[in-house]
Number of protein chains: 2
Amino acid sequence: MVVHQLDEDEVDRIFAALADPTRRDIVARVLTREASVSVLAQRYAMSFAAVQKHVAVLERAGLVNKQPHGRERLVRGDVDTIRAATRLLDQYEEIWRGRIVRLADLLATPGEGESP
Amino acid sequence: MVVHQLDEDEVDRIFAALADPTRRDIVARVLTREASVSVLAQRYAMSFAAVQKHVAVLERAGLVNKQPHGRERLVRGDVDTIRAATRLLDQYEEIWRGRIVRLADLLATPGEGESP
DNA sequence: CTGATGTACAACCATGTTGTTGTACGTTAG
DNA sequence: CTAACGTACAACAACATGGTTGTACATCAG
């Protein structure tokens, strides 16, 4: 299992994608069962194109992937990306605990030097 | 310990707040050591007012809180909110595992009825 | 072939975000 | 008291976001 290391932009996209109720709902649904975009779209009070855009945001974030199947695109949730985000949040808790890990590389700005 | 139940808007604010590198960096910093807004501002290549806004976004999300201290406002990270977000992501993994929990209330839209 | 379905994508509008500068005001230092 | 500091907030510009409608095109059903 490749434990994909996230760069800043990927983290941005993941959290931004999760910051919308419709998208969180889509993720929850397609984690258990894949669904075509149009089937998903039926569930929400917005146009097909709007749902399509939400799926695109999730796909760019790596939270779902689309697989062509005839004229449909089956959307599946990617639990690995969820896990990567969870791990990231866990690291904040580690920081809080004082075990700084090497979060410096991941989140902190350079130019440090907290002195001895 | 009160395990604050998050509503949709709070979740929106938390993830949106985390979807920015400057804000994630601020959170990481003030989790270990509180800092005034101006001290924080020195670290970033943007105006004081811009940093002030980032702190405000974090505060609205409950990720930090500000405590007046003389003419300064000391910013401290709130690990409980981080934990709430972590728990939320964990629930997605639970969904994926098929143990649906009662996420329906939290994320799924109403009007369900997955057949007899 | 034809028509209905599923998707993609562009154009557009309204609103929110992220940065800026400028002003105002309370607090601390001297 | 006065000057410097720390913060708050408003106004503005640039850009991103989230929705809409319309068009185009591939695929499936008959």
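Source: prediction; values computed, not measured. Naming convention: chains lettered A, B, ... in sequence-line order (proteins, then strands); numbering from 1 in each chain.
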Find out whether [X] and [Y] are in side-chain contact, i.e. whether some heavy atom of one side chain is under 4.5 Å from a heavy atom of the other.
X	Y	answer
Asp78(A)	Thr81(A)	yes
Met46(A)	Thr22(A)	yes
Arg83(B)	Val79(B)	yes

Checklist line | Partner set under side chain to side chain donor-acceptor pair (under 3.5 Å) for Ser38(B), not counting sequence neighbours | finding: Ser36(B)
Round to the nearest Å and state the distance from [X] atom [atom1] to [N] atom [atom2].
X	N	atom1	atom2	value
Leu18(A)	dG18(D)	CG	P	12 Å
Arg73(A)	dT5(C)	CZ	P	18 Å
Asp25(A)	dG18(D)	CG	P	16 Å
Leu40(B)	dC5(D)	CG	P	18 Å
Asp20(A)	dA16(D)	CG	P	18 Å
Arg13(B)	dT17(C)	CZ	P	11 Å

Only pairs under 3.5 Å count here: list side-chain donor-acceptor contacts from residues 68-75 of chain A, not counting sequence neighbours, and write none if there are none.
none

Check: So does Arg87(A) pair up with Asp90(A), basic N to acidic O under 4.0 Å?
Finding: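 No.
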Notebook entry, point to check: Are any of Ser38(A)'s side-chain N or O atoms less than 4.0 Å away from OP1 or OP2 of dT5(C)?
Noted result: no
Item checked: Non-hydrogen atoms of Val51(B) and Val37(B) that approach each other most closely -> CG1-O, 4.3 Å
Item checked: Tyr92(A) versus Val27(B), closest heavy-atom pair with distance ->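 Taking Tyr92(A) first and Val27(B) second, the nearest heavy atoms are CD2-CG1, 3.9 Å.
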Note to self: Please check if the number of heavy atoms outside Arg76(B) that lie under 6.0 Å from its CZ is greater than 12.
What the structure shows: no
Next item on the list: Measure the angle between the two terminal helix axes of the helix from dC1(C)-dG30(D) to dG30(C)-dC1(D), five base pairs each, and quote it to 10°.
Entry: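 Here the helix ends are tilted 30° relative to one another.
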Collect all protein-nucleotide pairs involving nucleotides 21-24 of chain C in which both atoms are nitrogen or oxygen and the distance is under 3.5 Å.
none

Next item on the list: Give one of base, sugar-phosphate or nothing for Ser36(B), where a contact means two heavy atoms less than 4.0 Å apart.
Entry: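 Sugar-phosphate, backbone atoms only, no base.
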Check: Taking atom CG of Leu88(B) and atom CD of Glu93(B), what is their separation to the nearest 0.5 Å?
Finding: 13.0 Å
Return all side-chain donor-acceptor pairs below 3.5 angstrom for residues 10-18 of chain A, not counting sequence neighbours, or 'none' if the list is empty.
residue  : atom : partner  : partner atom : Å
Glu10(A) : OE1  : Asp7(A)  : N            : 2.9
Glu10(A) : OE2  : His4(A)  : NE2          : 3.1
Asp12(A) : OD1  : Arg24(B) : NH1          : 2.9
Asp12(A) : OD1  : Arg24(B) : NH2          : 2.7
Arg13(A) : NE   : Arg60(A) : O            : 3.4

Checklist line | Those residues of residues 51-72 of chain A lying under 4.0 Å from DNA chain D by at least one heavy atom | finding: Lys53(A), His54(A), Gly70(A), Arg71(A)
